[in-house]
Amino acid sequence: MKSYKELVAEANAVIITMSVADVAAQVGSEDAVFVDLRGDAEVTNSGTIPGAIHVQRGMLEFVIDPTSPYHNNIFGTDKAFIFYCASGGRSALAAQRAQEMGLERVAHMGGGLKAWQEAGYAVATYPQS
């Protein structure tokens, strides 16, 4: 059996990992979509990157797939998708899966929201208005 650490390492070998500073430079860009993969309680308790959309990790494949009743039309655009979670594991796996499903411009933020906050970047309350 593979461990989650092995799966995350395999994902990191085939995806783009962006630094917190590189992600911060994309805040406000019309071309980038930030996807917060954490659970509802995590997002409610610690906020989110300003402008991010929230898709729980367990729903990702469903919101990406245009044949799914849960499809989110944002995933049918040619925008760059930057995934993040609490520390970088779920987002690495999600970025790998999104690539496998055909999204072309995909990355994840190394270190997750924890690294974002440690670097002093702002978070927005959730839900954002």
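Everything quoted here is computed from the prediction, not taken from an experiment.
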Check: [Y] main-chain N/O paired with [X] side-chain donor or acceptor under 3.5 Å:
| X | Y | result |
| --- | --- | --- |
| His108 | Phe83 | no |
| Asn12 | Val8 | yes |
| Ser46 | Val43 | no |

query: Just wondering, are more than 12 heavy atoms of other shown residues or ligands nearer than 6.0 Å to CD in Glu6?
result: yes
message: Using a 6.0 Å cut-off, check whether atom NZ of Lys114 has over 12 heavy atoms from anything other than its own residue.
response: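 No, because the 6.0 Å sphere around NZ of Lys114 holds 12 heavy atoms or fewer from other groups.
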field: Residue list, side-chain contact (heavy atoms from CB on, under 4.5 Å) with Val14, at least two apart or on another chain
entry: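 Here the qualifying residues are Gln96.
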query: Among all residues two or more places apart in sequence or in another chain, which pass the side-chain contact (heavy atoms from CB on, under 4.5 Å) test with Asn45?
result: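 Ala41.
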Nearest atoms (heavy-atom pairs only) where [X] meets [Y]:
| X | Y | result |
| --- | --- | --- |
| Val20 | Gly110 | CG2-O, 3.9 Å |
| Leu37 | Ala94 | CD1-CB, 3.4 Å |
| Val63 | Val55 | CG2-CG1, 3.5 Å |
| Gly89 | Cys85 | N-SG, 3.6 Å |
| Leu113 | Gly47 | CD2-O, 3.7 Å |
| Pro50 | Ala122 | CD-O, 3.5 Å |

- request: Just grab all the side-chain hydrogen bond (donor to acceptor under 3.5 Å, both in side chains) pairs involving residues 25-37, residues at least two apart or on different chains.
  value: Asp31-Arg105, Asp36-Arg38, Asp36-Thr48, Asp36-Tyr84
Qualifying residues under side chain to side chain donor-acceptor pair (under 3.5 Å), relative to [X], sequence neighbours excluded:
| X | answer |
| --- | --- |
| Glu100 | Arg97 |
| Lys2 | Glu10 |
| Asp78 | none |

message: What verdict does the side-chain contact (heavy atoms from CB on, under 4.5 Å) test give for Ile16 and Val106, after you've listed the backbone C-alpha separation in whole Å, the side-chain angles of each residue and the deciding distance to 0.1 Å?
response: CA-CA 7 Å; Ile16 295 170; Val106 175; over 6 Å; no
message: As a quick check of understanding, evaluate side-chain contact (heavy atoms from CB on, under 4.5 Å) for Val123 and Ile49, giving each step before the final call.
response: CA-CA 5 Å; Val123 294; Ile49 292 176; 5.8 Å; no
message: For the aromatic rings, using the six-membered ring if either is Trp, is the centroid distance between Phe81 and Phe75 under 6.0 Å?
response: yes
- prompt: Is the shortest side-chain N to carboxylate O distance from Glu42 to Arg90 below 4.0 Å?
  reply: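 Result for this pair is yes, salt bridge flagged.
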